[in-house]
Amino acid sequence: MSVPPSEVVLLKLPGREPEQFVMIDRNELFPTLAPGQPASREQWIAQFGQLLQQPPLSEAGVREALLRRGLSSREIDDQLETARRKFGVMTSKPTTWEHTTRIDYRNPDGQEIVRKTDVGGPQGQRIYVLRCTVCGHQYADYGFDADIRRCPVCQDGPRALPIPPDA
């Protein structure tokens, strides 16, 4: 029985000559805590990191493994091409996996996440309390701005939201 190509995620690994890949079953990629309850972002990243630690495969190793799964030569070529194309996109610009709304995250302008509140905003955004590490001013803002926020007191940043009371 053939495994549909979409059930396998093939990733090209950086800095390897000759090329090396990691093959991941999609059902291993997205862990759950209980039936119907998805894992948190942190758990997903930890799981992804573990999956990347498996022994790498050469192109010949990938071809052999996918042939054993019942994929055709054309499907295997497509998998390799997709992995190479994704690698090109992922390495064309600097990226980060850093979670910008975790406590103690500090952006390049020195604005640090102090705490998460129970107050929500537009499109399900949470309000966070930030502290300027330059002047010490504390203020509130939505999580999606944490990575670009500047202090409203000493860095001419936009006006802040009122700080919600502790729950």
Side-chain angles (χ1 to χ4, degrees), residues 4-16 19-54 56 78-167:
S6 63
E7 295 302 314
V8 175
V9 177
L10 185 63
L11 300 173
K12 180 180 174 189
L13 297 172
R16 310 279 179 111
E19 280 183 314
Q20 291 188 326
F21 301 87
V22 172
M23 191 168 55
I24 301 170
D25 286 321
R26 193 171 294 275
N27 63 351
E28 295 176 344
L29 190 56
F30 300 105
T32 59
L33 302 173
Q37 181 182 1
S40 70
R41 177 186 170 111
E42 289 79 14
Q43 290 167 319
W44 184 86
I45 290 172
Q47 171 73 3
F48 187 71
Q50 288 177 341
L51 292 170
L52 289 177
Q53 298 303 314
Q54 63 183 302
D78 289 346
Q79 285 281 334
L80 287 162
E81 177 57 33
T82 298
R84 289 177 177 126
R85 187 175 23 70
K86 285 180 182 176
F87 179 82
V89 169
M90 289 171 37
T91 58
S92 65
K93 291 183 183 178
T95 58
T96 181
W97 280 82
E98 186 169 12
H99 194 168
T100 60
T101 54
R102 67 173 168 70
I103 305 304
D104 295 329
Y105 167 80
R106 184 182 299 184
N107 77 14
D109 291 310
Q111 306 309 298
E112 185 175 70
I113 301 283
V114 175
R115 72 178 169 90
K116 176 180 175 180
T117 72
D118 292 329
V119 179
Q123 298 175 353
Q125 282 297 310
R126 181 78 51 204
I127 294 178
Y128 290 83
V129 177
L130 292 89
R131 181 179 62 84
C132 176
T133 61
V134 177
C135 73
H137 177 66
Q138 286 197 7
Y139 58 97
D141 202 7
Y142 298 115
F144 59 73
D145 285 335
D147 61 331
I148 59 170
R149 194 66 159 106
R150 292 178 328 235
C151 179
V153 172
C154 73
Q155 296 174 332
D156 293 323
R159 194 172 78 195
L161 299 171
I163 296 176
D166 288 335

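Values below: all heavy atoms of this structure, side chains included; hydrogens, waters and symmetry mates excluded.
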*Starting from the C-alpha separation in whole Å, work towards a yes-or-no answer on side-chain contact (heavy atoms from CB on, under 4.5 Å) for Y128 and T117.*
CA-CA 6 Å; Y128 290 83; T117 72; over 6 Å; no
*Under the side chain to side chain contact (heavy atoms under 4.5 Å, CB included) rule, collect the residues that match up with K86, sequence neighbours excluded.*
T82
*Hey, are the side chains of I113 and L130 touching, using non-hydrogen atoms and a 4.5 Å cut-off?*
yes
*All side chain to side chain contact (heavy atoms under 4.5 Å, CB included) counterparts of V22, not counting sequence neighbours*: L13, I24, Q54
_Smallest separation among heavy atoms of F87 and P14, with atom names_ = CE1-CA, 3.5 Å
_Side chains of N107 and I148, heavy atoms from C-beta outward: is any pair under 4.5 Å?_
no
*Y139: ring pair (Phe, Tyr, Trp, His ring centres under 6.0 Å) partners, not counting sequence neighbours*: H137
*Could I get the full list of side chain to side chain contact (heavy atoms under 4.5 Å, CB included) partners for E81, not counting sequence neighbours?*
R85
In a table with atom names and distances, give each donor-acceptor pair under 3.5 Å that connects a side chain of residues 155-162 to protein atoms at least two apart or in another chain.
{"unit_1": "Q155", "atom_1": "OE1", "unit_2": "Q111", "atom_2": "NE2", "d": "3.0"}
{"unit_1": "Q155", "atom_1": "OE1", "unit_2": "C151", "atom_2": "N", "d": "2.8"}
{"unit_1": "Q155", "atom_1": "NE2", "unit_2": "D109", "atom_2": "O", "d": "2.9"}

*M23 and Q79: CA distance, side-chain angles, deciding distance, side-chain contact (heavy atoms from CB on, under 4.5 Å) verdict*: CA-CA 10 Å; M23 191 168 55; Q79 285 281 334; over 6 Å; no
*Quick one: side-chain hydrogen bond (donor to acceptor under 3.5 Å, both in side chains) partners of Q20, sequence neighbours excluded?*
R16
*asked:* Show every salt bridge (Lys or Arg N to Asp or Glu O under 4.0 Å) that has at least one partner inside residues 131-144, sequence neighbours left out.
replied: E112-R131, D141-R149
